[in-house]
Amino acid sequence: MSEHYVINLGRQLGSGGKEIGEKLAQQLGIAFYDKELINLASEESGLCREFFEKADEKASQSILGGLFGSRFPFITEGAYPYNSYLSNDSLFKIQSDVIRHLAEKQSCLFVGRCADYILRDHPRCANVFVSASPEARIERLMKLHNISSEDAEELMEKADKKRSSYYNYYSYKTWGAAATYHLCIDSSVLGIDGTVEFIKNFVKLKLHLD
């Protein structure tokens with residue numbers, strides 16, 4: 001494990017965090033994981049991916065009954081033996097195991113999903129948070145989703161609330177706070193490619209990469 005390293009990247013919606021993560025992982029030649037973790041957690045547990053999609057980056061609540069209205073409707077063969085309901089906590093545990101397993105096997109970059117907290121004991125990790133100005137975030141979301149500035153702002157506020165609740169609940173830290181991460185960076189200052197380059201240089205220095 002000591003030869004492998006991990007970059008955990010938190011991000012505000014509209015900051016370009018996912019694109020930055022993808023480009024950074026590509027340039028460093030390491031694996032990139034974002035939504036792919038849902039598929040992997042589904043395969044690992046034998047539970048249908050709908051469970052993980054519903055729970056994705058949401059704080060604890062009962063999944064079965066409240067959201068699906070019946071007992072084990074999506075469980076496939078070889079599923080984990082749960083009781084009469086699944087909670088987001090159970091799904092978080094499965095996804096955490098997947099993240100740890102991946103980090104043991106290879107160097108990788110994880111976007112969101114409390115990976116920095118899950119991998120807090122990893123000997124070689126860099127925890128980064130990407131933000132951007134509200135104006136830049138709204139402009140990016142308007143272009144990406146072809147929506148109005150009002151809708152973009154509403155989407156942004158809901159995502160911030162959801163992600164902060166999820167992160168604060170599971171990590172006992174504060175989402176987006178400087179003290180939580182090794183590096184916080186505003187992507188609207190340097191642009192996407194400039195931010196990628198800055199984070200890459202930071203990671204190389206911190207983790208002593210060639």
Side-chain angles (χ1 to χ4, degrees), residues 1-41 56-57 92 95-134 136-137 140-141 144 156 159-160 162-164 166-210:
M1 177 190 263
S2 60
E3 293 183 5
H4 301 140
Y5 66 91
V6 174
I7 302 169
N8 302 306
L9 193 147
R11 75 285 181 229
Q12 290 181 322
L13 186 72
S15 66
K18 180 182 178 182
E19 183 182 352
I20 289 165
E22 286 177 319
K23 288 184 173 183
L24 181 60
Q26 185 178 26
Q27 290 185 24
L28 291 171
I30 63 177
F32 172 85
Y33 294 102
D34 182 18
K35 292 288 186 184
E36 297 85 354
L37 289 169
I38 292 174
N39 288 329
L40 292 168
D56 191 32
E57 294 198 306
F92 179 79
Q95 191 164 265
S96 297
D97 289 343
V98 170
I99 288 171
R100 288 190 196 97
H101 181 63
L102 291 168
E104 285 176 5
K105 293 194 305 179
Q106 62 190 334
S107 295
C108 38
L109 185 150
F110 295 103
V111 174
R113 291 161 189 84
C114 282
D116 56 334
Y117 174 72
I118 293 163
L119 299 174
R120 60 194 180 279
D121 295 325
H122 195 289
R124 299 184 74 201
C125 69
N127 302 325
V128 179
F129 189 85
V130 179
S131 63
S133 68
R137 295 171 66 193
R140 184 179 178 85
L141 290 171
L144 278 174
M156 189 174 81
D160 284 355
K162 186 186 81 165
R163 288 177 181 175
S164 62
Y166 174 86
Y167 185 88
N168 298 350
Y169 175 84
Y170 286 111
S171 73
Y172 311 105
K173 293 184 178 182
T174 304
W175 183 78
T180 300
Y181 309 91
H182 297 126
L183 173 69
C184 292
I185 186 165
D186 181 340
S187 63
S188 56
V189 175
L190 298 176
I192 298 298
D193 291 336
T195 301
V196 171
E197 190 66 23
F198 190 96
I199 296 172
K200 182 172 69 175
N201 290 333
F202 173 82
V203 168
K204 285 184 174 181
L205 285 170
K206 184 185 184 302
L207 302 179
H208 308 291
L209 305 180
D210 294 331

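Predicted model, so just to flag it, every value in this text is computed and none were measured. What's counted below: heavy atoms across the whole structure, side chains too, no hydrogens, waters or symmetry copies.
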Closest heavy-atom contact between [X] and [Y]?
| X | Y | answer |
| --- | --- | --- |
| Ala126 | Lys206 | CB-CD, 4.1 Å |
| Ala178 | Cys184 | CA-SG, 3.7 Å |
| Leu102 | Cys108 | O-SG, 4.0 Å |

Contact check, side chains of [X] and [Y], non-hydrogen atoms, under 4.5 Å:
| X | Y | answer |
| --- | --- | --- |
| Glu22 | Asp34 | no |
| Tyr33 | Ile99 | no |
| Leu9 | Phe32 | no |
| Thr180 | Asn127 | no |
| Phe129 | Leu183 | no |
| Cys125 | Ile7 | no |

- Message: Asp186: which residues meet the salt bridge (charged side-chain N to carboxylate O under 4.0 Å, His left out) condition with it, sequence neighbours left out?
- Response: none
- Task: Report the distance from atom NZ of Lys173 to atom SG of Cys114, rounding to the nearest 0.5 Å.
- Result: 10.0 Å
- Between atom CE of Met156 and atom CD of Gln12, what is the distance when rounded to the nearest 0.5 Å?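 Taking CE in Met156 and CD in Gln12, the distance rounds to 7.5 Å.
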- Tyr166 ring center within less than 6.0 Å of Trp175 ring center: no
N/O donor-acceptor pair under 3.5 Å between [X] side chain and [Y] backbone:
| X | Y | answer |
| --- | --- | --- |
| Tyr181 | Gly176 | yes |
| Arg137 | Leu13 | yes |
| Ser187 | Gly16 | no |

- Distance under 6.0 Å and angle within 45° of the ring axis: does Arg120 meet both against Tyr117?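 Relative to the ring axis of Tyr117, which defines the angle, Arg120 lies inside both limits.
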- Message: Quick one, Arg140 with Glu19, criterion salt bridge (charged side-chain N to carboxylate O under 4.0 Å, His left out). Give me CA distance, side-chain angles, the key distance, then yes/no.
- Response: CA-CA 12 Å; Arg140 184 179 178 85; Glu19 183 182 352; 2.7 Å; yes
- Determine whether the side chains of Asp116 and Tyr167 contain a donor N or O and an acceptor N or O closer than 3.5 Å. yes
- Query: So with a 6.0 Å cut-off around CD of Gln26, is the heavy-atom count from everything else above 12?
  - Reply: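 Not buried by this count: 12 neighbours or fewer within 6.0 Å.
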- Task: Evaluate salt bridge (charged side-chain N to carboxylate O under 4.0 Å, His left out) for Asp121 paired with Arg100, printing each intermediate quantity in order.
- Result: CA-CA 10 Å; Asp121 295 325; Arg100 288 190 196 97; over 6 Å; no
Side chains of residues 189-200: which donor-acceptor pairs under 3.5 Å do they make with residues two or more places apart or in other chains?
unit_1	atom_1	unit_2	atom_2	d
Asp193	OD1	Lys23	NZ	2.9
Thr195	OG1	Gly191	O	2.6
Glu197	OE1	Lys200	NZ	3.4
Lys200	NZ	Gln27	OE1	2.8

